[in-house]
Amino acid sequence: MSEPSQFVSRREFCAGACQVASCATLATLVSACSGEGSPTGPSGGGGGGTSILPTLNGQFANSSVQVTTTGSALANVDGAAVIQSIAGVFLVARTSATTFTAIDAVCTHEGCTVNGANGTTYVCPCHGSRYNRTGQVVNGPAKAALRQYNTSFTNDILTIAL
């Protein structure tokens, strides 16, 4: 014996089709946002070997930001840190006993704050753009360099000129 066939109303069919399409779209978006397998997306927090830089507070005064280096990540050559101040956020690296590089920490791709490094390369946590210590793009998706600032160093105080 055959069972009687049940008809599905047009409304029920359309509602079911929309649910299936919504789930498929959501699954695609979630996998795309994870960064896995994407050449422009970071995997595992910005790529293999990427570490979050320490954050230091800078004091804004007289069109500059000042940071004490004593006892911080900037006390030694090759040290790097994120400097936060009311004037902005900066990436600073000590390149010798008396010289530093200071660049804007806001990624030129979509405005995320760059806060990680892989060796001497800064890594954006959002889409994996990479910059060298002078702010030049090493790998995109960013196309524009980060702004570089002049620095001076006296008595363990680093000054970033704005």
Side-chain angles (χ1 to χ4, degrees), residues 23-162:
C23 288
T25 301
L26 183 60
T28 301
L29 289 173
V30 168
S31 67
C33 290
S34 72
E36 297 294 326
S38 170
T40 59
S43 59
T50 299
S51 59
I52 300 299
L53 294 169
T55 300
L56 305 174
N57 291 319
Q59 301 300 315
F60 175 70
N62 302 321
S63 299
S64 65
V65 173
Q66 295 184 332
V67 180
T68 302
T69 61
T70 305
S72 75
L74 298 175
N76 299 313
V77 175
D78 291 329
V82 175
I83 307 301
Q84 290 184 333
S85 74
I86 61 171
V89 182
F90 308 92
L91 294 167
V92 174
R94 189 168 195 160
T95 55
S96 78
T98 59
T99 59
F100 295 80
T101 59
I103 58 177
D104 196 10
V106 178
C107 183
T108 59
H109 175 239
E110 287 192 3
C112 293
T113 299
V114 179
N115 64 353
N118 186 343
T120 59
T121 303
Y122 295 120
V123 182
C124 178
C126 294
H127 300 105
S129 291
R130 294 174 181 265
Y131 301 90
N132 66 19
R133 292 270 168 106
T134 61
Q136 299 302 310
V137 176
V138 175
N139 287 36
K143 296 190 185 325
L146 299 172
R147 180 178 175 188
Q148 188 170 11
Y149 297 89
N150 291 324
T151 62
S152 59
F153 184 62
T154 306
N155 298 327
D156 290 333
I157 304 290
L158 170 66
T159 302
I160 303 168
L162 305 180

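If you read the sequence from its start, that first residue is 1, and numbering goes on from there.
- To the nearest 0.5 Å, atoms NE2 (H109) and SG (C126) are separated by 9.5 Å.
- Between the N132 side chain and the T134 main chain, a donor and an acceptor come within less than 3.5 Å of each other.
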Give the table of side-chain donor-acceptor pairs shorter than 3.5 Å for residues 76-90, with sequence neighbours excluded, one pair per line with atom names and distance.
from: S85; atom 1: OG; to: A87; atom 2: N; distance (Å): 3.1
from: S85; atom 1: OG; to: G88; atom 2: N; distance (Å): 3.3
from: S85; atom 1: OG; to: G88; atom 2: O; distance (Å): 3.1

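- A disulfide is not assigned to C112 and C107, since their SG atoms are no nearer than 2.5 Å.
- Of all the heavy atoms in G119 and R133, the pair that sits closest is O-NH2, 3.4 Å.
- The OH atom of Y122 lies 14.0 Å from the CZ atom of R130; values are rounded to the nearest 0.5 Å.
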Run the side-chain donor-acceptor check on residues 143-162: report pairs under 3.5 Å with partners two or more places apart or on a different chain.
from: T151; atom 1: OG1; to: F100; atom 2: O; distance (Å): 3.2
from: D156; atom 1: OD2; to: T70; atom 2: OG1; distance (Å): 3.2

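- Under the 4.5 Å side-chain criterion, counting only non-hydrogen atoms from C-beta, L53 is not in contact with N115.
- Of the options V123, T108, T121, V138, a side chain to side chain contact (heavy atoms under 4.5 Å, CB included) to Y131 is made by T108 and by none of the others.
- Residues V65 and G58 share a closest heavy-atom pair of CG1-CA, 3.8 Å.
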